[in-house]
Amino acid sequence: GSTDSNDGRSSFSNYGECVDIFAPGGSIWSSVSSSDDAFGTKSGTSMSSPHIAGLAALHLNANPNLTPLEVLDAIVADATPDVVGNKGSGSPNRLAYADSIRLGCTPLCGAHEI
């Protein structure tokens, strides 16, 4: 599912038993098609799913032998509980979180904020 900047469920987000976890999906900085170097904000579950894909990649980098179910279980276990507002009936109240120290992440050299 998708959350907004206040950790509430986005109005467009899925909810219910089909949702395993929530991730930011509202007003996410992304590239836009107006030029090769343009940025803007976009909203949608298509903006929250890359957060989860990135977490999966981090977990697999740290533990390459994990099965897909073990990756999902690790992402859900690391999530912050009880912070998603208006999660929707049947949805888990878990917001994606990356434990960068445990996963062995370091800041990127030369990275900058948009």
Side-chain angles (χ1 to χ4, degrees):
S2 170
T3 58
D4 60 25
S5 60
N6 295 313
D7 294 339
R9 179 176 52 90
S10 301
S11 62
F12 51 79
S13 179
N14 296 326
Y15 63 92
E17 294 178 14
C18 63
V19 173
D20 294 307
I21 194 166
F22 285 89
S27 299
I28 304 298
W29 281 100
S30 180
S31 58
V32 294
S33 61
S34 58
S35 75
D36 289 343
D37 59 357
F39 292 90
T41 60
K42 295 183 178 186
S43 296
T45 53
S46 58
M47 301 310 295
S48 57
S49 61
H51 286 87
I52 302 304
L55 287 175
L58 290 172
H59 279 281
L60 287 169
N61 183 62
N63 301 288
N65 295 322
L66 291 178
T67 67
L69 184 56
E70 289 170 330
V71 171
L72 172 63
D73 289 345
I75 291 170
V76 170
D78 284 352
T80 304
D82 304 322
V83 295
V84 178
N86 190 27
K87 65 181 180 63
S89 178
S91 300
N93 196 329
R94 302 190 72 76
L95 183 61
Y97 174 77
D99 184 343
S100 59
I101 302 299
R102 187 175 59 76
L103 292 173
C105 302
T106 59
L108 295 175
C109 255
H112 64 278
E113 291 185 24
I114 296 174

Interatomic distance, OG@Ser91 vs CG@Asn86, rounded to 0.5 Å, equals 9.0 Å
Could you state the interatomic distance from NZ (Lys87) to CG (Asp82), rounded to the nearest 0.5 Å? 9.5 Å
Given a cutoff of under 4.5 Å between side-chain heavy atoms of I, L, V, M, F, W and Y, with clusters grown through shared members, what are the other residues clustered with Val32? none
At their closest point, which heavy atom of Ser13 faces which heavy atom of Gly1, and how far apart are they? OG-CA, 3.3 Å
Output, in order, the C-alpha distance, side-chain angles, deciding distance and verdict of side-chain contact (heavy atoms from CB on, under 4.5 Å) for Tyr15 and Arg9. CA-CA 8 Å; Tyr15 63 92; Arg9 179 176 52 90; 3.5 Å; yes
Considering residues at least two apart in sequence or located in another chain, which fulfil the side chain to side chain contact (heavy atoms under 4.5 Å, CB included) criterion with Leu66? His59, Leu60, Asn63, Glu70, Val71
Please report the interatomic distance OH(Tyr97) to CG(Asp78), rounded to the nearest 0.5 Å. 8.5 Å
Residues 44-52 side chain polar contacts: donor-acceptor under 3.5 Å, at least two apart:
| from | atom 1 | to | atom 2 | distance (Å) |
| --- | --- | --- | --- | --- |
| Ser48 | OG | Thr45 | O | 3.0 |
| Ser49 | OG | Thr45 | O | 3.3 |
| His51 | ND1 | Pro24 | O | 3.3 |
| His51 | ND1 | Met47 | O | 3.1 |

Please enumerate all residues that pass side chain to side chain donor-acceptor pair (under 3.5 Å) together with Ser10, with sequence neighbours excluded. Ser2
In this structure, which one of Leu58, Leu55, Asp20 forms a side-chain contact (heavy atoms from CB on, under 4.5 Å) with Ile75? Leu55
To which residues is Val83 joined in a hydrophobic cluster, defined by side-chain heavy-atom contacts under 4.5 Å among Ile, Leu, Val, Met, Phe, Trp and Tyr, whether direct or through other members? Val19, Phe22, Val84, Leu95
Once rounded to the nearest 0.5 Å, what's the spacing between atom CD1 of Ile28 and atom OG of Ser43? 7.0 Å
Taking side chain to side chain contact (heavy atoms under 4.5 Å, CB included) as the definition, give me every residue that meets it alongside Ser5, ordered by chain and number, with sequence neighbours left out. none
Indicate yes or no for a side-chain donor-acceptor contact from Arg94 to the backbone of Val76 under 3.5 Å, with no hydrogens or angles considered. yes
